[in-house]
Amino acid sequence: MSSLISVLVVEPSDIITEGLRSLLSQAGGYNVLAPMHDTAMLQERLPVLRPDLLIINPTILSSTPKAQIASLESQRPSMAIVALVYQYVEKHVLDLFRFQLDIRCGRSAMQTVLKEAIQSTKENPDKEIVSDNYELSDRETDVLVLVAKGLSSKEIADKLNISIHTVNSHRKNITHKTGIKSVAGLAVYAMIHNLM
């Protein structure tokens, strides 16, 4: 049995996100993550949530949508990105998306768009992020938990009886392997992976 396709919906309307969740659940094969209502924390949550499919309302992108889409693609190249369309979107913004899901389309058309988007990422396996395959070492996990608890590098060094330089090396490796730079993001990562 194949694994479920993890889907993250970024859309301000609860009605639309719940409608998509319902349709995808009925279709089967999808794990719909808790939706986001804006893009404020999107960059930070991607490495933690690791969605296979991002369905996003293009009207909520930043004032530089091309740069934001490029950033999302570079951060998680194995993720398919689909524009969720139900209102006017400027052509130059819509052209940034290879796949578009119009909410007025039927179930079969929706399934076709999503399957094509997922298939497009499988056709380019060289796009996979190398860091997705990295596992944290036991010591890196120890450091991650202490960072997530809010300890400073010096406090971590004292607690684990290692040098501050070693702690900073572990922190650098953790950031590289998880793709998460902020303490808050690392705390979420630790909680999601039951490390705390």
Q: Provide the closest heavy-atom pair for V82 versus A117 in the form atom of the first, atom of the second, distance.
A: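 Taking V82 first and A117 second, the nearest heavy atoms are CG2-CB, 3.7 Å.
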Q: Could you state the interatomic distance from CD (Q100) to CD1 (I55), rounded to the nearest 0.5 Å?
A: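 Interatomic distance, Q100 CD to I55 CD1, rounded to 0.5 Å: 13.0 Å.
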Q: Can a donor-acceptor pair be found between the side chains of N168 and S153 at a distance below 3.5 Å?
A: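 S153 and N168 do have a side-chain donor-acceptor pair below 3.5 Å.
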Q: Does N31 form a side chain to side chain contact (heavy atoms under 4.5 Å, CB included) with I5? I'd like the steps, not just the answer.
A: CA-CA 6 Å; N31 173 33; I5 296 167; over 6 Å; no
Q: Do M191 and V143 sit in one hydrophobic cluster, given that two such residues count as connected whenever their side-chain heavy atoms are within less than 4.5 Å of each other, even indirectly?
A: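 Hydrophobic grouping puts M191 with V143.
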Q: Keeping the roles fixed (side chain from E155, backbone from S152), state whether a donor-acceptor pair exists under 3.5 Å.
A: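 It does hold such a pair.
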Q: Within the side chain of T64, is there an N or O that forms a donor-acceptor pair under 3.5 Å with the backbone of A67?
A: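 No, T64 side chain to A67 backbone: no donor-acceptor pair under 3.5 Å.
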Q: In this structure, would L96 and L94 fall into the same cluster of hydrophobic residues linked by side-chain contacts under 4.5 Å?
A: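 The answer is yes; both residues are in one hydrophobic cluster.
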Q: Identify which one of L186, V147, T141 satisfies the side-chain contact (heavy atoms from CB on, under 4.5 Å) criterion when paired with I174.
A: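 Of all the options given, the one that passes is L186.
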Q: Taking it one step at a time, do M110 and L20 satisfy side chain to side chain contact (heavy atoms under 4.5 Å, CB included)?
A: CA-CA 10 Å; M110 178 186 82; L20 276 172; 4.2 Å; yes
Q: Would you mind reporting whether S78 and R50 have side-chain heavy atoms less than 4.5 Å apart?
A: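 Answer no - side chains too far apart.
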Q: Side chains of T166 and S163: donor-acceptor distance under 3.5 Å anywhere?
A: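 Yes.
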Q: Measuring from atom CG of D95 to atom NZ of K66, what distance do you get when rounded to the nearest 0.5 angstrom?
A: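 Rounded to the nearest 0.5 Å, the CG-NZ separation comes out at 10.5 Å.
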Q: Determine whether I56 and L61 make a side-chain contact, defined as any pair of heavy atoms from C-beta on separated by less than 4.5 Å.
A: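 Yes. Closest side-chain heavy atoms under 4.5 Å.
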Q: Do Y86 and E11 have side-chain N/O donor and acceptor atoms under 3.5 Å apart?
A: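 On atom types as modelled, these side chains qualify, holding a pair under 3.5 Å.
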Q: Any chance you could measure Q119, atom CD, to L114, atom CG, to the nearest 0.5 Å?
A: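 If I round to the nearest 0.5 Å, the distance is 13.0 Å.
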Q: Any heavy-atom pair between the side chains of L160 and R139 that's under 4.5 Å?
A: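 Yes, close enough: below the 4.5 Å cut-off.
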Q: On a heavy-atom basis, which atom in R21 and which in A34 lie closest, and how many Å separate them?
A: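 That closest heavy-atom pairing would be NH2-CA, 3.9 Å.
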Q: Do you reckon V183 sits in the same ILVMFWY cluster as L144, going by side-chain contacts under 4.5 Å, direct or chained?
A: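 Per the 4.5 Å side-chain linkage, V183 and L144 are co-clustered.
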Q: Within a strict 4.5 Å, meaning less than it, do heavy atoms of the I192 and L49 side chains meet?
A: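 They are in contact (side-chain heavy atoms under 4.5 Å apart), so the answer is yes.
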Q: So, taking the atom named CD1 in I16 and the one named CG in N57, what distance separates them when rounded to the nearest 0.5 Å?
A: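 That separation rounds to 7.5 Å.
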Q: Is the shortest side-chain heavy-atom distance between V48 and I180 below 4.5 Å?
A: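 When only atoms from C-beta onward are counted, I180 and V48 do touch, with a gap below 4.5 Å.
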Q: How close do S137 and E140 get, heavy atom to heavy atom, and via which atoms?
A: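 Scanning both residues, the minimum pair turns out to be N-OE1, 2.9 Å.
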Q: Tell me, do D142 and H170 make a side-chain contact under 4.5 Å, heavy atoms counted?
A: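 No, too far: nothing below the 4.5 Å cut-off.
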Q: With a 3.5 Å distance limit and no angle check, can you tell me whether R76 reaches the backbone of P51 through a side-chain donor-acceptor pair?
A: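 Yes, because the side chain of R76 sits within donor-acceptor range (under 3.5 Å) of the backbone of P51.
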Q: Would a distance-only check, ignoring hydrogens and angles, find a side-chain to backbone donor-acceptor pair under 3.5 Å from S22 to G19?
A: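 Looks like no, no N/O pair under 3.5 Å.
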Q: Looking at CD of Q68 and OG1 of T39, how far apart are the two atoms once the value is rounded to the nearest 0.5 Å?
A: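 If I round to the nearest 0.5 Å, the distance is 4.5 Å.
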Q: Give the intermediate values and the outcome of side chain to side chain contact (heavy atoms under 4.5 Å, CB included) for residues E73 and I69.
A: CA-CA 6 Å; E73 289 175 338; I69 293 295; 3.9 Å; yes
Q: When rounded to the nearest 0.5 angstrom, what is the spacing between CG in L151 and NZ in K154?
A: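 It comes to 11.5 Å.
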Q: Do L53 and M79 make a side-chain contact, defined as non-hydrogen atoms from C-beta onward lying under 4.5 Å apart?
A: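 Counting from C-beta outward, L53 and M79 never come under 4.5 Å.
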Q: Applying side chain to side chain contact (heavy atoms under 4.5 Å, CB included) to F97 and I81, what does each step give before you reach the verdict?
A: CA-CA 7 Å; F97 295 87; I81 302 176; 3.6 Å; yes
Q: Quick check against the 3.5 Å criterion: does D52 have a side-chain atom that pairs as donor or acceptor with the backbone of S6?
A: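 Judged by distance alone, yes, a pair lies under 3.5 Å.
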Q: Would you check if the side chain of S182 reaches a backbone N or O of G185 as a donor-acceptor pair within less than 3.5 Å?
A: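 Flag set: sc S182 to bb G185 pair under 3.5 Å.
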Q: For residues E116 and T112, is any side-chain donor paired with an opposing acceptor at under 3.5 Å?
A: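 No.
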Q: Would you say M36 and L42 make side-chain contact, with heavy atoms under 4.5 Å?
A: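 Touching, per the 4.5 Å side-chain cut-off.
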Q: Could you tell me which non-hydrogen atom of S120 sits nearest to which non-hydrogen atom of R98, and how far apart they are?
A: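 Taking S120 first and R98 second, the nearest heavy atoms are CB-NH1, 3.5 Å.
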